[in-house]
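Some notes on the structure that comes next.
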Amino acid sequence: MTLTWKKGVSAILTLGCIGALAGCSSQQTAAASVAPVKAASTTVSQGQPLTIVPTPSGTFADNFNPFAVTSDYGTFGFIYETLFYYDTQTGKMWSVLGDSYKWSNGNQTLTVSLNPKAKWTDGQAFTSQDVVFTFDLLKKYSSADTNGVWTQLASVAAKGRDTVVFTFKHPNIPFGLEYVLGTYIVPEHIWSKITDPTKVTVTKPIGTGPYVLDTFSPQDYKLKANANYYRGKPPVPELNFPSFNSNESANLAMIQGQIDWTAVFMPGIQQAYAAKSPNNHYWFPLGVTLNLSVDLKNPLLSQTVVRQAMSMAINRNVLATKGEYGYDKPAEPDAVPYNMSSWQDPNLPAQDKSFTYNPAGAVALLKKAGYKKNAQGIFVSPSGKPLSFTLIVVSGWSDEDTDAALIANQLKQVGIQVNVHEVTDSAYQTQLSSHQFQLAINAAYGGPNPYYVYQENYDPHGDADWMQFDNPGVNQALEDFAQTTNTDRQKQDIYKVEKIVAEQLPTIPLMYGATWYEYNTSKYTNWPSASNAYISPSIWNYEGAAITVMHLHPVH
């Protein structure tokens, strides 16, 4: 199980597509301000409480701060909301706090109309001033601006009570839709009294979302329905989040019917879970690229030859079958997501399109670069530094714990020492965000085309550039992509990035990962499924998860 990192979520699409995102014409782009997809009206009657386990994460810390490096699940989407939500599974745009948006001024101005019915859970009105305040807060405290919105924005201004105008330094359509419209909004009347938003502990959050915090303990916390939610009464009266320490303990609770919705890896799920009850269901669409991320500031890992040798020594088929029980597929060097093959350069060299497991080649590559094995059989650099690294994974995420052990064993066979260090979920996220790691297994998430994966992971301002990758060619190509809606030009920009990523391996792509998603229909129906794919099933698409709950139908 890999946790989706908070990125201020997400991009926006119309029901069809917009040129900058899905390769439509500039004429279609002009239609981006059409009425967005609305949340479905909810049933008047409510059902039973839902028990949700996003991932086994041990005990909880009482903190619902949307600016914190780590915060409790439910902070985003259920309590605090964004202006819009773009769903990567379907390409639908969902309005949240925003009703509509429109680009103008050569795509440098983005005007958003807000939902006039929205209000904070303490009863105060939600207005354009709250939006302006939130962005001003990100500008004042750069550590809170994890998506780097102010590297792109020139100004944010209120235009009356229900309209906000964003002015960009340069046209950047995908960034605006992904990060600006996907920024979580906080109430000015609360946060204006706080000195540094990243350093405060929030135990009584005030948001605009469909739920409010009810009770909290380190082992279990509950959210109750916001009775005055502006989109109608939520059909689920209570969301319960119990603590689990491992996939195994969560799996047992799933099988026993104690969990209604989760995203936990389970071996042999058809027999172990689905076959146990007609109410037990799962759907695992391939939705992410699982990477071995490396610290590019490390003097050894910064060398391309070392990363190439590591990649050659990793048997991805073994990882997919033994570590992931056949749910995943081996990834490709260019890191183009599984369902976006139409964006791959047809002229990309064969070696940049697929990996070859070649441990002997890895050894030869290192020897040619001047590396020699020491008495322990570990390669040592020409300057005398051994190829010995620490790989962090989250303790209890059994699939990735297995992947890590397999990788360590495979690399050891060629003379690269890897020490697997299992840490807590919180420590894992902190080490990534502070760049205090050497190797880490994590997932690359994106949007409707490879730009989003590349920008998030390989742009210096990307919120998942844990590696600290900074390549002028990649930066320029992404910047060029963001300023045009011409599909052919966009593809040429993506092709440039593909080649650099495939040959330099700023991350080492491992597998196309399944989206873990299990659910029980004894209490509610209308869950997303392969036959009812109205939204992404990922529990980690925060706004999407909240929208899913709003669409459930109680079983009476």
Original post:
Hey, is the main chain of Glu188 close enough, under 3.5 Å, to the side chain of Asp130 for a donor-acceptor pair?
Top reply: yes
**OP:** Please confirm whether the backbone N or O of Asn172 pairs with a side-chain atom of Gln152, one donor and one acceptor, at under 3.5 Å?
**Re:** no
**OP:** Measure centre to centre between the rings of Tyr327 and Trp516, then say whether the value is under 6.0 Å.
**Re:** yes
Subject >> Tyr85 side chain to Asp87 side chain, donor-acceptor N/O pair below 3.5 angstrom >> reply: yes
Original post:
Can you tell me if Lys102 uses its side chain to pair, donor with acceptor, with the backbone of Ser113 under 3.5 Å?
Top reply: no
Subject >> pair Lys139-Val156: side-chain heavy atoms closer than 4.5 Å >> reply: no
Original post:
Between the side chain of Gln303 and the main-chain N/O of Pro299, is any donor-acceptor distance below 3.5 Å?
Top reply: yes
Original post:
If you round to the nearest 0.5 Å, how far is NE2 of His435 from CH2 of Trp466?
Top reply: 8.0 Å
**OP:** Calculate, to the nearest 0.5 Å, the distance between atoms CG and CG belonging to Asn115 and Asp99 respectively.
**Re:** 4.5 Å
Subject >> Residues Phe126, Val131; criterion side chain to side chain contact (heavy atoms under 4.5 Å, CB included); working and verdict >> reply: CA-CA 9 Å; Phe126 164 78; Val131 179; 3.7 Å; yes
Original post:
Is the closest side-chain donor-acceptor distance between Gln455 and Tyr179 under 3.5 Å?
Top reply: yes
Original post:
In Å, rounded to the nearest 0.5 Å, how long is the span from OG1 of Thr151 to CZ of Phe175?
Top reply: 5.0 Å
Subject >> Rounded distance (nearest 0.5 Å) linking atom CG of Leu505 with atom CE of Met467 >> reply: 11.5 Å
Subject >> Trp283-Trp527 aromatic ring centre distance below 6.0 Å >> reply: no
Original post:
Does the ring centre of Tyr73 sit less than 6.0 Å away from the ring centre of Trp540?
Top reply: yes
**OP:** Measure from the side-chain N and O atoms of Gln308 to the backbone N and O of Glu503, and report whether any donor-acceptor pair falls under 3.5 Å.
**Re:** yes
Subject >> Any donor-acceptor pair under 3.5 Å from Asp162 side chain to Pro116 backbone >> reply: no
**OP:** Check for a donor-acceptor pair, side chain of Ser128 on one end and backbone N or O of Arg161 on the other, with a separation under 3.5 Å.
**Re:** yes
Original post:
Is it true that the side chains of Asp480 and Gln476 contain a donor and an acceptor less than 3.5 Å apart?
Top reply: yes
Original post:
When you look at Phe469 and Thr507, which way does the side chain to side chain contact (heavy atoms under 4.5 Å, CB included) test go after all the steps?
Top reply: CA-CA 9 Å; Phe469 183 64; Thr507 61; over 6 Å; no
Original post:
Would you say the side-chain atoms of Gln108 pair up with the backbone N or O of Phe168, donor to acceptor, closer than 3.5 Å?
Top reply: yes
**OP:** For the pair Asn471 (side chain) and Gly473 (backbone), establish whether a donor and an acceptor sit closer than 3.5 Å, ignoring hydrogens and angles.
**Re:** yes
Original post:
So do Asp328 and Leu319 actually touch side chain to side chain, heavy atoms under 4.5 Å?
Top reply: no
Subject >> Distance-only side-chain donor-acceptor flag, Ser142 / Trp150, under 3.5 Å >> reply: no
Subject >> Side-chain H-bond candidate by donor/acceptor type, Tyr184 with Thr134, under 3.5 Å >> reply: no
Subject >> Sidechain-backbone polar pair: Arg307 side chain, Ile508 backbone, donor-acceptor under 3.5 Å >> reply: no
**OP:** Verify whether the ring centers belonging to Trp94 and Phe84 lie closer than 6.0 Å.
**Re:** no
Original post:
Under 6.0 Å between the ring centres of Phe76 and Tyr542?
Top reply: yes
**OP:** Have a look at Val474 and tell me which of Asp493, Asp459, Val497 forms a side chain to side chain contact (heavy atoms under 4.5 Å, CB included) with it.
**Re:** Val497
**OP:** Verify the distance criterion only: is there a donor paired with an acceptor across the side chains of Thr82 and Glu543 at less than 3.5 Å?
**Re:** yes
Original post:
Can the ring centroids of Phe481 and Tyr454 be said to lie less than 6.0 angstrom from one another?
Top reply: no
**OP:** Run through Asp399, Asn442, Ile441 and flag the one making a side chain to side chain contact (heavy atoms under 4.5 Å, CB included) with Val393.
**Re:** Ile441
Subject >> Check: Arg316/Ser311 side-chain N/O donor and acceptor closer than 3.5 Å >> reply: yes
Original post:
Would Val202 and Tyr80 count as a side chain to side chain contact (heavy atoms under 4.5 Å, CB included) if you check the C-alpha gap in whole Å, the side-chain angles of each, and the deciding distance to 0.1 Å?
Top reply: CA-CA 12 Å; Val202 178; Tyr80 296 97; 4.2 Å; yes
Subject >> Thr183 side chain reached by Leu138 side chain, heavy atoms, under 4.5 Å >> reply: yes
Original post:
Could you walk me through whether Phe133 and Ile185 pass the side chain to side chain contact (heavy atoms under 4.5 Å, CB included) check?
Top reply: CA-CA 9 Å; Phe133 169 80; Ile185 308 302; over 6 Å; no
